[in-house]
Amino acid sequence: MESCSACGKADAALKTCKACKLVKYCNAECQIAHRPVHKKACKKRARELFDQELFAQPPSREECDICCITLPPDLAQCTYSFCCGKMICDGCYFCLTSGRCPFCNTKSPASQEEQNKRLMERIEKYNDAVAMTQLGCYYKCGDAGFSLDNAKAVELFRRAIENGSSTAHYSLGTMYEAGVGVDIDMKKAVHHYEIAAMMGYQDARYNIGILEGRSGNIDRAGRHFMIAARCGHELSLEKIKKGFIGGLVTKQDFNDVMHCYKASCDDTKSEQRERAK
């Protein structure tokens with residue numbers, strides 16, 4: 001039977017430290033009492049565990065709801081249907097000629113005003129994270145008929161984050177980094193970038209790599225660029241190329257990244273998507 005790390009009492013119902021998973025305690029009082037002794041090792045191990053998640057293989061990207069081919073890394077090449085909440089690639093959108101949604105048969109919006117009305121309905125009726133993020137971007141840029149309002153953008157991104165949006169994490173991270181709508185807070189910026197990266201948002205991982213490089217953490221920056229490049233992120237690939245030329249990336253790693261980058265890009269290609277460009 002294991003014993004409490006603070007008082008030494010043996011107990012079958014000990015609670016494990018949630019941060020480091022290394023030690024166990026009888027109760028919260030024992031954990032608080034042991035904190036001064038355990039704090040340094042706890043933080044070190046917690047960071048190691050977090051890095052295991054941060055540098056793990058990202059989740060696979062979603063597929064187009066029509067052609068079932070992996071969506072491109074750049075979501076600007078996709079269209080979200082605010083009538084029924086489906087994401088389709090530009091290739092499939094380009095091929096649609098009926099003027100109606102292929103899923104719910106709703107007629108395509110005739111104006112930006114009608115499109116905005118559907119966007120608001122997705123938020124009000126379905127708590128749609130994609131719609132919240134899109135509206136947040138509109139307020140951030142003063143676009144699509146919405147006035148520039150960074151406070152509303154921040155509020156919408158936070159709501160979208162609560163509903164699982166990686167894009168909202170990334171967008172809020174950029175606002176904390178630049179001090180737009182909020183005070184500059186690099187710790188919070190990195191926090192949101194890291195969560196977005198672990199959810200598979202490679203623009204966020206690229207930004208982390210840039211920040212790590214500026215801080216002199218070249219190895220960590222390189223690891224981020226490699227992961228993003230393997231997933232088809234072009235800017236990260238350029239960083240890997242420069243690293244290879246500068247002797248910071250081995251030939252084996254470079255060849256592996258190039259192979260994975262090509263495979264990732266090939267997975268998103270289709271005749272329709274090429275025609276839509």
Side-chain angles (χ1 to χ4, degrees), residues 1-61 129 132-133 154-155 157-179 182-228 230-231 233 236:
M1 185 178 295
E2 295 180 294
S3 58
C4 174
S5 296
C7 68
K9 179 182 177 181
D11 193 331
L14 296 175
K15 296 182 178 180
T16 304
C17 175
K18 292 181 179 180
C20 68
K21 318 295 184 187
L22 290 175
V23 295
K24 296 185 178 183
Y25 300 103
C26 299
N27 48 46
E29 288 74 17
C30 280
Q31 185 171 11
I32 293 172
H34 193 242
R35 182 65 176 165
V37 177
H38 178 56
K39 183 177 180 179
K40 186 175 181 180
C42 183
K43 283 189 172 183
K44 181 175 182 293
R45 180 54 181 162
R47 187 66 213 187
E48 291 173 351
L49 292 174
F50 182 79
D51 278 355
Q52 288 178 15
E53 293 186 50
L54 181 61
F55 291 108
Q57 178 67 27
S60 300
R61 292 199 300 274
M132 290 176 191
T133 304
V154 170
E155 178 187 351
F157 290 147
R158 286 173 174 161
R159 286 181 62 190
I161 284 170
E162 292 176 358
N163 288 276
S165 171
S166 60
T167 307
H169 271 295
Y170 168 76
S171 298
L172 190 54
T174 62
M175 298 186 82
Y176 274 116
E177 182 178 1
V182 291
D183 293 333
I184 292 178
D185 191 324
M186 294 308 298
K187 186 175 181 180
K188 288 183 179 179
V190 171
H191 167 74
H192 287 292
Y193 286 155
E194 287 178 334
I195 294 177
M198 288 188 286
M199 296 173 73
Y201 203 92
Q202 300 311 323
D203 282 345
R205 191 175 291 281
Y206 174 81
N207 282 10
I208 301 171
I210 294 295
L211 294 175
E212 291 282 17
R214 289 175 184 170
S215 299
N217 301 320
I218 305 303
D219 180 65
R220 291 179 66 87
R223 291 173 70 186
H224 283 298
F225 292 142
M226 283 187 182
I227 292 172
R230 287 189 181 103
C231 294
H233 193 264
S236 294

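Source: prediction; values computed, not measured. The first residue of the sequence shown is numbered 1, and numbering continues consecutively from there.
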Next item on the list: Say whether, by atom type as modelled, one donor and one acceptor occur between the side chain of Arg158 and the main chain of Leu172 under 3.5 angstrom.
Entry: no

Note to self: With rounding to the nearest 0.5 angstrom, report the OH to SG distance, Tyr25 to Cys7.
What the structure shows: 10.5 Å

Item checked: Residue pair Ala19 / Cys42: nearest heavy atoms and the distance that separates them -> CB-SG, 3.7 Å

Next item on the list: Begin from the C-alpha positions of Lys9 and Glu29 and carry the test salt bridge (Lys or Arg N to Asp or Glu O under 4.0 Å) through to its verdict.
Entry: CA-CA 13 Å; Lys9 179 182 177 181; Glu29 288 74 17; over 6 Å; no

Note to self: With a 3.5 Å distance limit and no angle check, can you tell me whether Asn217 reaches the backbone of Arg220 through a side-chain donor-acceptor pair?
What the structure shows: no

Check: Rounded to the nearest 0.5 Å, what separation is found between the CE atom of Met132 and the CD atom of Glu162?
Finding: 8.5 Å

Notebook entry, point to check: Any side-chain heavy-atom pair from Cys26 and Leu14 closer than 4.5 angstrom?
Noted result: yes

Notebook entry, point to check: If we only count heavy atoms from C-beta on, is the Ile227 to Pro58 side-chain gap below 4.5 Å?
Noted result: yes

Check: In Å, rounded to the nearest 0.5 Å, how long is the span from NE2 of His38 to CD of Gln31?
Finding: 7.5 Å

Item checked: Flag side-chain contact, heavy atom, 4.5 Å: His191 against Lys187 -> no

Next item on the list: Check Ala197 against Ala204 and note the closest heavy-atom contact, atom names and distance.
Entry: N-CB, 4.0 Å

Notebook entry, point to check: Aromatic ring centroids of Tyr206 and His233 under 6.0 Å?
Noted result: yes

Check: Given Glu177 and Leu211, is the side-chain contact (heavy atoms from CB on, under 4.5 Å) satisfied, shown in steps?
Finding: CA-CA 10 Å; Glu177 182 178 1; Leu211 294 175; 3.7 Å; yes

Margin query: So Met198 and Phe50, do their side chains get closer than 4.5 Å, heavy atoms only?
Written below: yes

Check: Between Asn207 and Tyr193, does any side-chain donor sit less than 3.5 Å from a side-chain acceptor?
Finding: yes

Item checked: Lys21 side chain vs Lys18 backbone, donor-acceptor pair below 3.5 Å -> yes

Checklist line | Cys231 side, atom SG; Gln202 side, atom CD - distance, nearest 0.5 Å | finding: 4.0 Å

Note to self: Can a donor-acceptor pair be found, under 3.5 Å and without considering hydrogens, that links the side chain of Asp51 to the backbone of Leu54?
What the structure shows: no

Notebook entry, point to check: Are side-chain N/O atoms of Tyr176 and His192 paired as donor and acceptor at under 3.5 Å?
Noted result: no

Check: Any side-chain donor-acceptor pair under 3.5 Å between Ser165 and Thr133?
Finding: yes

Margin query: For Ala6 versus Cys30, what's the shortest heavy-atom pair and its separation?
Written below: CB-O, 3.3 Å

Next item on the list: Locate the shortest heavy-atom distance separating Ile161 from Ala168; write the atom from each residue and the value.
Entry: CG1-CB, 3.8 Å

Check: Are Lys24 and Lys15 close enough that some pair of their side-chain heavy atoms sits under 4.5 Å apart?
Finding: no

Margin query: Using side-chain heavy atoms (C-beta onward) and a distance below 4.5 Å, is Tyr201 in contact with His169?
Written below: no

